[in-house]
Participant: 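Before anything else, here's the structure in question.
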Amino acid sequence: MSKPRFYVTTAIAYPNGRPHMGHAYEAIATDVIARFKRLDGFDVRFLTGTDEHGLKIDQAARAAGKPPKAYVDDMVAPFQSLHESLGISFDRFIRTTDDDHKALVQALWQRMAANGDLYLGRYEGWYSVRDEAYYDEGELVTGEDGGKLSPNGAPVEWTVEESWFFKLSAYQDKLLALYEGHPEYIQPASRFNEMRAFVAGGLSDLSVSRTSFTWGIPVPGDERHVMYVWLDALANYLTGADATGRGSLDGEWWPADLHVVGKDVVRFHAVYWPAFLMSAGIALPKTVFGHGFLLNRGEKMSKSLGNVVDPAAMVDRFGVDRLRWFLCREVAFGEDGSYSDEAIVERTNADLANGIGNLAQRSLSMVAKNLGGVMPVRGEAGETELRLKEAFLSGSEAYFTAMNGLALHKALDALMAMVAAANGYFAENAPWALAKTDVVRMAEVLAATLDATRRIVILAQPFMPGSTAQLLDQLGVAADARDFNGFNVPVDAGKQLPPPAGVFPRITLEG
RNA sequence: GGCAGCGUAGCUCAGUUGGUGAGAGCGCCGGAUUCAUAACCCGGAGGUCGGCAGUUCAAAUCUGCCCGCUGCUACCA
């Protein structure tokens with residue numbers, strides 16, 4: 001029996017600057033989902049990468065005095081090292097400058113063209129020679145002399161450029177039918193409603209090529225044109241589905257189960273992408289999830305405000321698992337969220353140091369001191385054990401329901417309820433007092449607490465892969481008993497446990 | 001301008017089809033305890049549920065208006 005498959009992607013980052021917290025957040029959240037699925041018995045493919053073509057990269061490269069490819073080679077490095085330090089378990093880091101991708105995009109174009117959906121037309125708009133960019137009417141500002149200027153203050157002129165167009169307008173009904181039949185296609189629901197309204201309002205054909213720059217994938221048969229970056233970029237998911245690296249349109253991992261993207265690019269994934277795929281006769285992804293933005297102390301991150309935080313510095317300061325935990329626990333997945341040093345310290349001290357870490361440490365240290373570090377025997381379940389069991393049944397059920405519904409924060413809520421139940425059980429039975437009166441009962445209480453801790457840590461693995469591995473080592477959990485199949489498999493009594501050591505020390509702001 | 005949504009304890013938020021005296025977590029205060037990372041456990045304070053007016057025996061929960069905020073979208077300067 002083969003494992004069920006799960007193909008998940010992040011959006012690909014545009015490397016015309018350094019990675020920021022938004023990139024880190026998306027990568028972490030997607031990684032949590034990927035790890036959850038692996039533990040849940042799925043064969044997972046996790047794709048992430050960078051979107052390297054387009055005018056802005058071309059301009060930035062020119063400003064840096066480098067050829068575009070050399071420029072992006074430099075710029076992509078910080079993104080790759082960020083993934084490294086965040087513990088992102090991707091299977092491929094795709095770059096849209098990869099050869100298999102270029103081949104695939106051209107094949108995709110030809111399929112869309114063969115279906116009669118591409119035609120040559122004219123693209124009109126306000127063009128700035130200095131910016132080398134087109135602007136919508138609404139983006140323009142009025143200059144001192146009353147003339148129209150680009151947002152950068154450069155003069156613009158109404159320009160007509162030859163362009164290939166995609167017959168997006170022909171897909172309105174098909175898209176609406178898709179939404180009707182698959183409301184889960186766009187999540188969360190608020191985004192779904194927006195996209196449906198957008199499509200219902202009518203669609204214009206989409207310009208999908210440019211002649212004003214050359215840093216892109218050439219249009220097959222019309223090399224004066226390079227492809228519109230979004231067609232190029234979106235197709236990365238298809239390229240990544242062919243794990244053989246040949247860039248064929250029928251990669252074995254397609255269709256994707258989940259595209260995790262920022263709320264600002266939901267439209268491209270929820271409208272343009274399925275239309276392109278329909279045109280090419282390719283299956284559609286199952287779900288597009290638009291996550292929210294991270295705000296720094298409630299304010300949007302921006303260079304002008306000077307509040308752009310380097311995620312790598314956050315990892316250095318707090319540790320990767322604290323950062324991962326905080327972002328998943330404090331931010332409702334799908335909503336905007338806010339972070340600050342104080343909030344990270346407060347949240348992780350409460351949940352990790354006082355909660356999970358202390359639970360493990362207090363029980364493990366008693367086993368070490370009173371039982372020579374040998375895993376004790378579990379006893380008959382009494383009233384307090386039954387209550388604990390009840391709490392863990394409902395808690396783990398809530399956890400799995402939340403995870404399968406992509407409600408990461410709710411899953412952690414459920415997990416913390418289990419932590420509270422375990423700490424309550426421990427305090428109620430006071431094994432430190434039993435140590436003086438009833439050592440057998442004490443051992444039973446410790447065994448039950450250790451097993452509760454083991455279950456909690458197993459469920460916490462997607463969120464904190466490093467710390468949970470350490471804790472599972474201390475709890476004596478075998479390497480092959482750490483996935484969700486092992487959830488109900490207790491550690492054998494009599495097993496010698498290693499000496500316990502705190503995994504989540506309390507931290508302070510000054511520290 | 002249109003559409004959608006939101007405004008509930010200091011903070012982040014839950015609150016099913018209107019009905020036991022309005023909840024959780026964190027923070028704060030007090031108690032208890034000492035196994036543990038001054039942690040855990042127990043208890044407490046604190047809210048006229050944005051405002052006004054309605055519907056109803058009864059509204060945080062329905063209706064209208066107003067204020068503030070957010071998203072999508074259209075357009076005019």
Side-chain angles (χ1 to χ4, degrees), chain A residues 136-138 140-142 146 148 186 188-204 262-267 270-271 290-293 295 297-298 300 322 326-327 329-340 342-371 384 398 402 407 409-410 412-436 439 442-443 445-446 449-450 452-453 467 471 474 500-508 511:
Chain A
D136 291 333
E137 184 83 31
L140 301 179
V141 297
T142 305
K148 292 177 184 299
I186 307 169
S190 54
R191 301 290 155 206
F192 174 88
N193 294 332
E194 287 174 4
M195 289 305 109
R196 188 176 51 187
F198 173 74
V199 173
L203 295 170
S204 307
K263 65 179 183 179
D264 55 330
V265 295
V266 167
R267 187 203 293 182
V271 181
H291 67 252
F293 288 158
L295 308 176
R297 294 180 186 282
K300 198 168 177 176
R322 272 199 151 75
F326 174 82
L327 291 176
R329 165 92 158 123
E330 189 95 349
V331 181
F333 196 46
E335 309 278 309
D336 287 353
S338 190
Y339 67 91
S340 67
E342 293 90 328
I344 293 173
V345 168
E346 204 171 82
R347 182 91 257 167
T348 60
N349 275 345
D351 291 347
L352 303 181
N354 301 351
I356 296 173
N358 186 47
L359 174 65
Q361 186 66 11
R362 69 195 307 198
S363 50
L364 283 169
S365 78
M366 278 203 73
V367 170
K369 288 175 187 168
N370 296 285
L371 300 171
T384 57
H409 59 296
K410 286 189 181 172
L412 292 185
D413 223 38
L415 196 66
M416 286 311 297
M418 293 165 73
V419 173
N423 266 321
Y425 167 83
F426 195 84
E428 195 170 17
N429 286 286
W432 58 89
L434 290 169
K436 296 164 192 157
V439 178
M442 175 204 75
V445 171
L446 292 177
T449 305
L450 251 40
T453 308
S467 313
L471 283 168
Q474 293 188 29
V503 171
F504 298 117
R506 283 183 69 83
I507 56 173
T508 59

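Below, read A as the first sequence line, B as the second, and so on, with proteins coming before strands; counting in each chain starts at 1.
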Participant: Return the value, rounded to whole Å, for the distance between atom CZ of Arg329(A) and atom P of rG25(B).
Facilitator: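 Nearest whole value for this atom pair: 10 Å.
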Participant: Which pair of heavy atoms, one from Pro500(A) and one from Leu364(A), lies closest together, and at what distance?
Facilitator: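 Here Pro500(A) and Leu364(A) meet closest at CB-CB, 3.7 Å.
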Participant: Mind checking the C1' distance from rC69(B) to rG23(B)? Whole angstroms is fine.
Facilitator: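 Approximately 24 Å lies between the C1' atom of rC69(B) and that of rG23(B).
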Participant: Would you mind writing out the side-chain donor-acceptor pairs for residues 412-426 of chain A within the sub-3.5 Å range, not counting sequence neighbours?
Facilitator:
unit_1	atom_1	unit_2	atom_2	d
Asp413(A)	OD1	Arg329(A)	NH1	3.0
Asn423(A)	OD1	Arg362(A)	NH1	2.8
Tyr425(A)	OH	Glu385(A)	OE2	2.5

Participant: Can you tell me how far P of rG27(B) sits from CE of Met416(A), to the nearest Å?
Facilitator: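 To the nearest whole Å, that distance equals 10 Å.
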Participant: Provide the distance between the two P atoms, one in rA24(B) and one in rG44(B), to the nearest whole Å.
Facilitator: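 rA24(B) and rG44(B) have their P atoms separated by 10 Å.
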Participant: Could you work out the separation of rG5(B) and rA9(B) based on their P atoms and round it to a whole Å?
Facilitator: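 These two P atoms come out 22 Å apart once rounded.
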Participant: When the distance from CG of Asp336(A) to C1' of rC69(B) is rounded to whole Å, what number comes out?
Facilitator: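 Atom CG in Asp336(A) sits about 12 Å away from atom C1' in rC69(B).
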Participant: Would you mind classifying the nucleic acid contact of Arg196(A) as base, sugar-phosphate or nothing, using non-hydrogen atoms under 4.0 angstrom?
Facilitator: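 Contact class for Arg196(A): none.
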Participant: What integer distance in Å separates Glu346(A):CD from rU12(B):P?
Facilitator: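 In whole Å, rU12(B) P and Glu346(A) CD are 12 Å from each other.
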Participant: Taking atom P of rG5(B) as reference, at what distance in whole Å does atom CZ of Arg191(A) sit?
Facilitator: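 Checked: the CZ to P distance equals 14 Å.
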Participant: Between rU16(B) and rC62(B), how far is it from one C1' atom to the other, in whole Å?
Facilitator: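 Each nucleotide's C1' atom is 15 Å from the other's.
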Participant: Taking atom P of rC42(B) as reference, at what distance in whole Å does atom CG of Asn429(A) sit?
Facilitator: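 Nearest whole value for this atom pair: 13 Å.
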Participant: Provide, to the nearest angstrom, the distance between the CZ atom belonging to Phe192(A) and the P atom belonging to rG71(B).
Facilitator: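 That distance rounds to 21 Å.
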Participant: When the distance from CG of Leu295(A) to P of rU70(B) is rounded to whole Å, what number comes out?
Facilitator: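 So the two atoms are 11 Å apart, to the nearest Å.
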Participant: Assign a letter to each nucleotide of nucleotides 28-40 of chain B from its 5' end: B, base within under 4.0 Å of a protein heavy atom; S, sugar-phosphate only; -, no contact.
Facilitator: -----SSBBB-SB
Participant: For RNA chain B, produce a single dot-bracket line, 5' to 3'. Pairs: Watson-Crick or G-U wobble, both distances under 3.5 Å. Symbols: ( ) within strand, [ ] crossing, | other strand, . unpaired.
Facilitator: (((((((..((((.....[...)))).((((.........)))).....(((((..]....))))))))))))....
Participant: When the C1' atoms of rU8(B) and rA60(B) are considered, how many whole Å apart are they?
Facilitator: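 To the nearest whole Å, 7 Å.
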